[in-house]
Every structure is written in C-alpha cells, then in structure tokens.
Amino acid sequence: MHEQEVEIQVVSSLRQVDAADWDACACPEAQNGARPLDPFTTHRFLWALEASVSVGTGTGWQPQYLMARIDGELIGVAPMYVKSHSQGEYIFDHNWAHAYENAGGRYYPKLQIAVPHTPATGRRFLVRPEFAQAGTAALVQGAAQLAANNKVSSLHVTFCTEEEAELGEDLGLMRRKTQQFHWLNQGYHDFEAFLASLSSRKRKNIRKERSGAQGFGGTIHQFTGDELQPEHWDAFWEFYQDTGARKWGTPYLTRAFFDIAQETLRDDLVLVLAERNGRWIAGALNFVGAETLYGRYWGCVEHHPFLHFELCYYQAIDIAIARGLARVEAGAQGQHKLARGYMPTATWSLHWVGDPGFRDAIGRYLKAESDAVDEEISILTEYGPFKRIEVEEQQ
C-alpha cells in the first residue's frame with residue numbers, strides 16, 4: 001500500500017474553513033462536548049480575532065492559515081500569519097531582526113505559526129489523530145517550503161509543545177528553549193492545602209497579601225458563561241486599554257473582540273472583577289482549557305496593595321483547584337510569580353531561517369541560550385517557596 005499524498009494549501013480567512021472541520025483537527029478531544037485542551041486554537045477563538053480585526057489588515061498579523069488535505073479531506077491545519085513586526089509574540093526575535101537588517105537583509109515580512117497575542121503553550125500543528133505523523137510532517141515541511149518559495153527571511157513556530165519541538169528539530173528546524181512561570185496542582189483540595197506545602201515564611205507572606213488585597217473595601221466576583229454580561233466587558237475594556245497602552249502602546253485586541261467573546265467564547269472564560277462602592281475597579285481575564293487555566297489580561301482603574309496578585313494569581317489558583325485543573329499558566333515573564341507558587345517551566349519554539357550564514361549564527365546562539373535557560377530554571381527552582389524538608393516546625 002503506497003503512502004497517500006498530502007496536499008498543502010493556504011487560505012486567507014477562516015470564512016473559507018468549516019468550523020467543525022477545523023476543530024476536528026484542532027481539538028478532536030472536544031467532539032463529544034468535552035472542553036478543548038487548548039481554547040486558543042479552536043475555530044471560535046481564532047475567528048474572534050479575525051472577525052474583530054484584532055488580526056488582519058493594519059495589525060501586522062495577516063492570516064495565511066495552513067491546510068493539509070488528503071484526497072480533498074482536511075486532515076491538518078496550522079494558524080499561520082505573515083508578520084510585518086515582532087509584536088504580540090512573547091518569544092522575541094528583535095535582536096535577530098536588528099542583526100539581519102544591519103547586515104543588509106530584509107527581515108520582515110516573516111511567517112509565524114502562533115496564536116496571536118497569546119503566550120500559552122499548545123499544539124501548533126493541528127492534525128487529526130489518525131493522520132498524526134504524516135499530517136504533522138507535511139505541515140512542518142509545507143510551512144518551511146512556503147517560506148523558502150516566497151523568499152521570506154524566516155519562519156517561527158511559537159509556544160509549541162515539547163513533542164512538536166523535537167519533531168520539528170528532526171525535520172530540520174531549529175529548536176529554542178525559553179521559560180515561564182506555571183503553578184502546578186499537586187492534588188490540593190483547597191488553597192490552604194497549597195499553603196501547607198510552602199515554607200513558613202512564604203506561607204505567612206501569601207496570607208498577608210491575600211488579607212491585604214481582600215481588605216480593599218469591596219468585593220471580588222468571578223463570572224463565567226451566562227453570568228457574563230455586557231457591563232462586565234465595558235468595565236474590563238477600560239482596564240485592558242489602560243494596561244495595553246502602558247505595555248504595548250496600543251492594545252492588541254479591539255473592543256469588538258470582547259463583544260464576540262460574550263457571544264461565542266463565554267463558556268471558555270472566567271472573568272474576575274473587583275467591585276468597590278458600586279463600581280468595577282479591577283479585573284483579570286482567564287481562559288479555561290481541559291487541564292489548564294490560562295491567565296491572560298489584567299487591568300485596574302484604582303490601585304490597592306496586592307490586588308493585582310489576588311486577582312491574577314491567587315484567584316486563579318482557587319479556580320484551578322475548584323475545577324480540578326492541573327496547572328495555571330500566568331502568561332509571560334514575571335519572577336515575582338515565583339514567591340507565589342508559580343515555578344519556572346520550559347517553553348518551546350521552532351525556527352527556520354533561509355540564509356545559511358545567519359542560520360548557523362542563530363543555531364550557535366540558541367545552543368548557548370538553552371544552556372543559560374537550563375541554569376536559570378535550576379537556580380530559580382532552588383529559590384522556590386516550597387518546603388525543603390519533610391518536617392517543619394508548625395507556625
């Protein structure tokens with residue numbers, strides 16, 4: 001029996017892809033009504049980005065969704081974009097771009113396989129399980145061939161799984177190792193059980209922070225599904241605009257994204273809002289996967305001590321424990337998360353570079369960077385808040 005030929009094509013809009021066909025590749029585990037492992041690669045999330053013009057013309061993220069078909073049947077997809085900058089990626093290549101252009105090259109446009117504006121690990125080569133090996137290889141090789149045929153400087157696959165990183169490396173891409181801070185659920189039945197696993201000093205500090213935060217003079221609410229109302233998004237948009245303006249200059253998501261989220265994504269969301277004197281003053285938005293809670297956006301219009309830690313980190317732990325989730329991914333950067341139980345965790349990306357000399361230089365850099373990341377993870381883990389001895393004096 002001869003191997004079936006996989007046809008690769010590109011489409012510029014998810015209007016051209018049936019949602020059920022896309023999700024059969026992106027989240028086959030959800031076909032019987034279960035929650036997707038990764039909410040960010042579902043058709044509904046990526047379409048919300050596109051329909052709200054959070055990606056597309058003028059954003060620097062031009063959709064070029066990658067399709068793999070066998071005899072016309074869709075067996076694999078990848079969220080691919082033509083990028084005219086390196087914003088909204090969180091695994092940064094700014095230094096690569098500067099070096100490339102200083103040498104007389106043109107770094108942009110480049111190709112990016114990623115979930116825009118979202119530093120969350122998940123599958124990037126989305127293949128139906130029965131075609132896993134052939135489909136993934138076809139998507140990897142097809143993306144690299146498209147980059148070469150179109151003479152773009154590079155192709156990047158960000159926040160892929162470790163398994164994809166290993167496969168991509170086997171197929172000739174360069175693997176990059178970075179790190180984030182994730183909270184891992186060790187079977188805790190409540191927040192106090194988590195605290196009991198910490199050293200006495202860290203436990204006392206978190207209790208102090210939670211007490212201080214919850215004494216801000218108001219009430220903290222959690223909303224999900226049909227509990228979410230337009231007034232909540234009006235408030236959160238104000239918070240998000242403020243944070244986006246300070247961090248990125250311009251918020252990545254448009255106001256329309258949150259209106260679409262209310263209609264199509266509300267069961268994937270938990271919005272934590274703080275109310276004081278009848279006014280919403282702060283909020284944190286989380287996405288819910290089958291095993292993971294993803295903390296994504298935070299903002300406020302009033303400053304209160306420790307309220308950021310409470311809404312973003314401690315409420316997220318409460319939600320994860322209550323839902324029986326295995327972990328919380330709290331987004332990019334932030335060593336301050338370490339003292340709050342979020343431990344250093346490796347993250348992965350893949351890179352293809354057309355120019356041989358530049359590719360060799362980046363390869364050497366990635367090897368040195370990987371060694372440095374390993375050392376950093378080891379050192380940070382030693383500074384983690386968890387008990388180092390089995391028996392500790394009771395406080």
Side-chain angles (χ1 to χ4, degrees), residues 6 8 10-11 14 17 19-32 34-49 55 63-70 74-81 89-91 111-144 155-171 173 175-178 180 182 265 268 287-294 296 325-329 331-332 345-352:
V6 182
I8 297 294
V10 170
V11 300
L14 284 180
V17 188
D21 289 345
W22 178 282
D23 285 345
C25 302
C27 51
E29 71 279 357
Q31 291 205 341
N32 294 321
R35 188 176 292 281
L37 281 171
D38 179 1
F40 301 114
T41 52
T42 60
H43 189 281
R44 59 182 177 269
F45 180 85
L46 294 170
W47 173 245
L49 291 177
V55 300
Q64 293 286 279
Y65 305 106
L66 203 59
M67 308 280 121
R69 296 182 184 274
I70 292 179
L74 189 66
I75 61 104
V77 297
M80 189 170 74
Y81 301 83
E89 296 171 13
Y90 301 96
I91 293 179
L111 292 180
Q112 190 90 17
I113 294 177
V115 178
H117 323 310
T118 305
T121 292
R123 291 167 59 235
R124 295 294 174 260
F125 301 104
L126 311 170
V127 180
R128 285 169 46 185
E130 61 269 34
F131 297 99
Q133 187 171 357
T136 302
L139 287 171
V140 172
Q141 293 166 339
L155 161 72
H156 309 268
V157 184
T158 42
F159 293 101
C160 61
T161 66
E162 185 173 5
E163 293 75 17
E164 288 176 322
E166 291 172 352
L167 176 60
E169 188 173 45
D170 289 342
L171 292 171
L173 277 64
R175 175 167 53 159
R176 187 178 189 183
K177 186 176 189 177
T178 47
Q180 289 182 338
H182 297 173
L265 299 172
D268 299 320
F287 283 77
V288 187
E291 299 174 352
T292 306
L293 186 77
Y294 303 91
R296 286 303 303 115
L325 301 176
R327 67 187 64 84
V328 178
E329 291 193 21
T345 305
T347 53
W348 305 93
S349 59
L350 288 164
H351 307 271
W352 174 94

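Just the heavy atoms: all of them, side chains too, but no hydrogens, waters or symmetry mates, feed the values below.
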- Can you find a pair of side-chain heavy atoms, one from F125 and one from I113, that are under 4.5 Å apart? yes

- Query: Which pair of non-hydrogen atoms, one from L350 and one from A165, has the smallest distance, and what is that distance?
  - Reply: CD2-O, 3.4 Å

- Taking the side chain as every heavy atom from C-beta outward, state whether Y90 and T347 have any atom pair closer than 4.5 Å. no

- Item | From W22 atom CH2 to L126 atom CG, the distance as rounded to the nearest 0.5 Å | 6.0 Å

- Task: State, with a plain yes or no, whether a side-chain heavy atom of M67 is found less than 4.5 Å away from one of V10.
- Result: no

- Take atom CD in Q133; do more than 12 heavy atoms of anything else shown fall under 6.0 Å from it? no

- Task: Can you see which heavy atom on Y81 is nearest to which on P63, and at what distance?
- Result: CD2-CA, 3.6 Å

- Derivation and outcome, salt bridge (Lys or Arg N to Asp or Glu O under 4.0 Å), residues R128 and D21: CA-CA 10 Å; R128 285 169 46 185; D21 289 345; over 6 Å; no

- Working to the nearest 0.5 Å, report the span between SG of C25 and CD1 of I75. 7.0 Å

- May I ask you to decide if D170's main-chain N or O and R175's side chain share a donor-acceptor pair within less than 3.5 Å? no

- Checking side chain to side chain contact (heavy atoms under 4.5 Å, CB included) for the pair H351/L173: CA distance, chi angles, key distance, verdict? CA-CA 6 Å; H351 307 271; L173 277 64; over 6 Å; no

- Query: Nearest heavy-atom pair of T41 and A26: which atoms, and what distance?
  - Reply: O-CB, 3.3 Å

- Does the side chain of E164 reach to within under 4.5 Å of the side chain of V157, using non-hydrogen atoms? no

- Note on the structure: Here the pair of heavy atoms bringing G76 nearest to L139 is C-CD1, 4.0 Å

- Item | With F159 via ring pair (Phe, Tyr, Trp, His ring centres under 6.0 Å) - residues at least two apart | none

- Item | Contacts of type side-chain contact (heavy atoms from CB on, under 4.5 Å), residue A48, not counting sequence neighbours | F257, I260, L265

- In short, L49 meets P116 closest at the heavy-atom pair CD1-CD, 3.8 Å

- Message: With a 4.5 Å cut-off on side-chain heavy atoms, are F45 and T118 touching?
- Response: yes

- Query: So, do V17 and L14 sit near enough that their side-chain heavy atoms are less than 4.5 Å apart?
  - Reply: yes

- What pair of heavy atoms forms the shortest contact from G331 to P119, and how long is it? CA-CG, 4.3 Å

- I would like to know whether D23 and Q31 meet side chain to side chain contact (heavy atoms under 4.5 Å, CB included); could you show each step before the answer? CA-CA 8 Å; D23 285 345; Q31 291 205 341; 5.9 Å; no

- Message: Under a 3.5 Å threshold, yes or no: a donor from one side chain and an acceptor from the other, between S349 and T158?
- Response: no

- Hey, could you give me the OH/CG distance between Y65 and L46, rounded to the nearest 0.5 Å? 6.0 Å

- With the side chain counted from C-beta on, respond yes when L325 and E291 share a heavy-atom pair under 4.5 Å apart, and no when they do not. no

- CG on L293 to CZ on R327, rounded to 0.5 Å: 11.5 Å

- Task: Please check if the side chain of Q180 supplies one atom and the backbone of T121 the other of a donor-acceptor pair under 3.5 Å.
- Result: no

- Side chains of R123 and T161: do they bring a donor and an acceptor to under 3.5 Å? no

- Item | Side-chain heavy atoms of R176 within contact of W348, under 4.5 Å | no

- Task: Please round to the nearest 0.5 Å and tell me the distance separating atom CD of Q112 and atom CD of Q64.
- Result: 14.0 Å

- Query: Taking atom NE2 of H156 and atom CZ of R124, what is their separation to the nearest 0.5 Å?
  - Reply: 15.0 Å

